[in-house]
Every structure is written in structure tokens, then in C-alpha cells.
Amino acid sequence: MYRNEEPQEKSSNNRRNFIKDSILASLAISLGTEIVYAKNMPPGLELIGLNSSPLNTFPGKSNALTVLNDRPVNMETPAHLLNDALTPNELFFVRNNGLVPSQINAETWTLTIEGESARKAKSYTLNELKTKFENITYPLTLECGGNGRKEFSPPAKGNQWTTGAVGCAKWTGVRLKDVLEDVGIKSNAVYIGYYGADLHLSGAPDKDAISRGVPISKAMEEESMIAWAMNDEDLPLLNGYPLRLVFGGYPASCSGKWLEKIVIRNKVHDGQKMNGSAYRIPCNPVAPGASVEDKDMCIIERMPVKSLISFPKTGAIITQGQKLPVAGHAWTSSSNITKVELSIDFGTSWQNAYVSKSTNRYAWQHFEATVQFPAKGYYEVWARATDNEGNTQAMLIPGWNPKGYLNNACHRIAVKVS
Amino acid sequence: MQNKNDDTTYLWRMAMVLIHLVFLFILLGLGYLLGQEQLHAFLNKPKLSQTQLEEFSKQRAIARKQERENNWNLVENGIHVKTGLKDDTHLKLVIGACTSCHSSKLIIQNRATREGWKGMIDWMQETQNLVDLGDKEVFILDYLEKHYAPHEVGRRENLDLDEIEWYILHLE
């Protein structure tokens, strides 16, 4: 498999030591002298003025991510860094709505299930979840509903995600269904909603940063899970440590982080960001720029079919006659991807790429192809995926909506042949 | 009496010379000790590899960048370096009203008409605990409308060729 030439990220532990050493060394260089007895400095001591290195700012996250917003933290992954079959934890995008909780104690953490349609209220410690229920592991793709928002015109407000609010990790946890059934679900259950430990941005303790959820039918799917591990490690703090929901195929905002409570509702959940224009689109298509009343907006459920070119990084210059390998991933909220096509002539002609078999629903599949260019010049490589339902991707920006959700227009990279 | 006097003077002179010599030795000794410490520090200075040196200079660049970014008064090319916002008359008002809750990055990455920005302020007041901006709102809207207005891009914008870092791709 071709790899983009990028420096390998060190593990965070190595990085910390490295930072300590390099702070000392950089001080030494800038002062023109070695700090005598530096090795006797107590561990943990940091030198004022150098301790806020950006490498340190986002725990567990690579500094190669693009920071769209630091309060709340929102960071996306450049396309060429999504080349791994499973997205490494430090490269997985972050979409926070509130402030990351501090003082998390996994030992005492509990998850409570309650609500109008729960037969009783019941709490579980993390350890009880791990031991009482069957543990499951699935690769599942999570994508922010607003991924691609930047391209909408007129512009839509919010974080201007380009292509990188997506990743596919291997999640380990328990089936949400098993836990809900252990508590007991009344027959009038319609929806589940979550509450997490993150704080509202304003710091107001009576406001939730976000409290969304999914229809009960989605909650009962085999792959819908309460997860504590991502790629065989604890969840990164910014991705919801110690516990979160994971729903593949739905906007990632449904997959609540820092999960403390799940409510089984007898109506559509009405938590923070379930109403207004948040994660909702016009029920019927509207012209770009139209104003849409709340009553005409519908909650986004399934995410559209989409693909991403992760190799090469955009901007590649090759020489005439060279064959260019192209690789990436494709995903859908339907059962699987059946076809990925590439175009080097702005959609005039398409060639099929090899597509890997689906391991399970909601895991992305990988594609590979080799393309050849007829002459020197500027080219774009475009990718479009088709799923088993025959859904494919738009070349132009699809249905405008007030908040700029669900842009699945084909991904484009630039290539020069010299 | 004369002889005895001479002897005393001689002894006195000898004593002075001795005192000076002792003093000199003490000075030399101290100098030696101090010098040795520096010599040791010099000799024990660890050798840095090329990659370490590169990393260190990167770290220094980051430190310098941070120093720049932490300066609240620095404006470069019309940009307020600390926040990244465009510098203008009502910049401080905008910083005060907006960045206590969210990052200035959220403003910078968005584009909207005056009505659009007004709608965002209304939404933040209705749902996000933003206070009434009173007679300051008009100045804030003036600022946002002027500096963060949308531009027409059609149904799909060209790839941003200025943003692309072109590189030679080495293929086997």
C-alpha cells in the first residue's frame, strides 16, 4: 500500500518526554549556554513561558490535525492522514459542543438508564458493563453531519468542516440493546436520548452542551453500542473518555460522549440540539438561501454515501508516463459500497476502482486504482462511490440547507503532470 | 638598638611577603575551583544529533510564535495576531462580546450578510446565554458585515490552488 510521506507521530508518552528534553535544550540554545544540572530538575517541573506548546494543547491528539475551533474543541483530519485502514486515535477528528469535563474517574463512573419508557431506573459502573454484558468489537465509521459544510453557498453557519470530520475506528463495548433490555423497555418507547458530562460553553450548570439521540429502532441494532475502547485503547479524552455511544451511519452527534445517562423516551427526544436548525434539514428541498421555518425542518437520520481520496495528498506532481496509484475509503448508511469510480477528466469518463469487501455495516471500505494521464497538464482526480441501494454522490454541492449538512459531493484532489 | 630595629623591619617585611603569597594562593585556588566547574560543565555538554537540532529549532520557532501570539497589542498586515481577527475600530468590542464564550476562530471561518450575523447573535441570545448587546450591537454588526461577508462561489468552488502545497510525488 502506498503511503503519504509524513513524519510518524510519536506516542504521546514519548512526545511528553521529548517535549521536556527539547524545552530544556531549546532554552539552552536560546540562552547560549547549557542549563547546568538540568538532569536534576524535578520531574513535572516545566519552565514558565514554554509550557504551553501547541503540541501539548490537545491531549492525545496529533498536531497534524486542523484546528477549526479551540473553544469548543473542533479539529478535522487532513484527507491524506486518513490513509490508514482504521483511523488512529490521535488522528480521529474531534467535534465538541461544550467544554471537556475534567476530573474524570473511570473507577467511580456510572451510567444510568431511565426515562418514561424505561421499566425502572438502573445504574451500572463501568466494570459492571464490562462484566455483565457480552463484549463486542466493530469497526464503525463516524462522520459529523456538517462534514463538507465549508462548500455550501450561501454559506452555512457553524464550524466550516472541509472533508475531515470523518474516521473509522475499531470500537469495543457492549450492545446498547442488551443494556436497555436489562433495564426493560416499555412498548411505547420511541426514542433514546443521552446526557454527557461535558459542560455548556457558557459554563451554565443548568444547560446541556448537547443531548441528542436516535429512534428506538436504531438503538436496537446489532452494531449500536456503548463503547469504552477505541482501537484497543481507552477512548481519548476528547473522544469521550471513559464511555460513549457509537452509532454508525447516523450523524456522529448522535453518538454521545462522556456518557452518564440514557433516557428511553415515549416521544422524540427533545434535548439540546434536537430542535431548531441543529442537525435538521428542510423536510422538502429548498432553493439555496431560503429561510425555513422550524416546523418544516426534519431530523437527519441516515448519512449519505460518500468517499474520500487519502492517497496521494492533493498537490502531487508526477512526470508524464508515470502511473498514479490512488487509494481511499468509501462508506454508507446502507449495507455496503458496491462501486467506487474515479475520473481524471472532470466527470466526463469514469474508471472502476478495486473495492475491498465489507466487514460489517457502517465500516468503511477501501478502494485502490491506478490512473494514467494522457498528456502533461493540470488534472483533478475525483472519486464517487455507489452503495447497494444505488445511491451515489453528487458532483456539485447537493441540497442546500440552512446549517449546511449532508454535503456528499465527490472528493477532488489536484495533480500536475510535468 | 639600630640592629634590633633593622631585624624587626626585616621580619616585618618577610611577614608581609608571606601574607601576600598566601593571599595569592587563595586567589589562585579559588580561580582554579571555579574554572574547573565551568570546564566540567563544558566537557559534559551533551552532543546533539542533526535531527535533535532540527527539532530544537522547531521548538524555538514555536516558542517565538507563541510569544508573538500572546501579545494582545500586536497587529500585522491588518490582522490582530492574538485573535486572528481583522483589525478595525470596533475590534475590542467584538473580542469582548464574542470570545468569552467561543474562539475567534469560529468568527473567522464563517461568512454571512448583516442579516445572517444578526441571526447568529439572536440565536446565541436565545439558546446560548449571550447577553443583550445593547447599543453596541450595531457596531459589532458593522464590523462583522464589513470584514466577514460572503462571496459568490457558484454551485461549486474551484479547488483553492493558492492553498495547495505542490510537491514532487516519488513513485516506484
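Computed from a prediction, not measured in an experiment: that's the story for all the values here. A, B, ... follow the sequence lines: proteins, then strands. Residue 1 opens every chain.
Enclosure of atom CD in B:E163 is not indicated, since only 12 or fewer non-hydrogen atoms of other residues, nucleotides or ligands lie within 6.0 angstrom. Within 6.0 Å of the CZ atom in B:F23, the count of heavy atoms belonging to other residues, nucleotides or ligands does not exceed 12.
Put simply, CZ on B:R155 and CD1 on A:I397 are 8.0 Å apart, with the number rounded to the nearest 0.5 Å. Here the CE-OG distance, from B:M124 to A:S202, works out to 12.5 Å after rounding to the nearest 0.5 Å. Rounded to the nearest 0.5 angstrom, B:R111 CZ and A:K150 NZ are separated by 7.5 Å. Taken from NE2 in B:H102 to CG in A:L201, the straight-line distance is 8.5 Å, to the nearest 0.5 Å. Distance check: A:T314 OG1 to B:Y167 OH gives 7.5 Å after rounding to the nearest 0.5 Å. Remark: B:L106 CG to A:Q160 CD distance equals 8.5 Å, nearest 0.5 Å.
Nearest approach of A:N69 to B:Q109, heavy atoms of both residues: CB-NE2, 4.4 Å. Shortest non-hydrogen contact noted between B:I164 and A:G315 is CG2-CA, 3.4 Å. A pairwise comparison of heavy atoms in B:L159 and A:I413 identifies CD1-C, 4.0 Å as the closest pair.
Looking at A:P402, neither its backbone nor its side chain comes within 4.5 Å of chain B, counting heavy atoms on both sides. Residue contact with chain B, scored on non-hydrogen atoms closer than 4.5 Å, is absent for A:L99. Both the backbone and the side chain of A:V67 have a heavy atom closer than 4.5 Å to some heavy atom of chain B. Neither the backbone nor the side chain of A:F152 comes within less than 4.5 Å of any heavy atom in chain B. Neither the backbone nor the side chain of B:D160 has a heavy atom closer than 4.5 Å to any heavy atom of chain A. Of the atoms belonging to A:K207, it is side-chain heavy atoms, and not backbone ones, that fall under 4.5 Å from chain B. Both the backbone and the side chain of A:A409 come within contact range of chain B, judged by heavy atoms closer than 4.5 Å. Residue contact with chain A, scored on non-hydrogen atoms closer than 4.5 Å, involves the side chain of B:W123 exclusively. If you measure heavy-atom distances from B:S100 to chain A, the contacts under 4.5 Å come from the backbone alone.
Most heavy-atom pairs under 4.5 Å with chain B: of the set A:E380, A:R149, A:K323, this distinction falls to A:E380. Most heavy-atom pairs under 4.5 Å with chain A: of the set B:V153, B:L161, B:T127, this distinction falls to B:T127. Of the listed residues B:E165, B:Q128, B:E157, the one with more heavy-atom pairs under 4.5 angstrom with chain A than any other is B:Q128.
Contact annotation: the side chain of A:P154 never approaches that of B:P150 to less than 4.5 Å [non-hydrogen atoms, C-beta and beyond].
Between the side chain of B:N110 and the backbone N or O of A:G158 there is at least one donor-acceptor pair closer than 3.5 Å.
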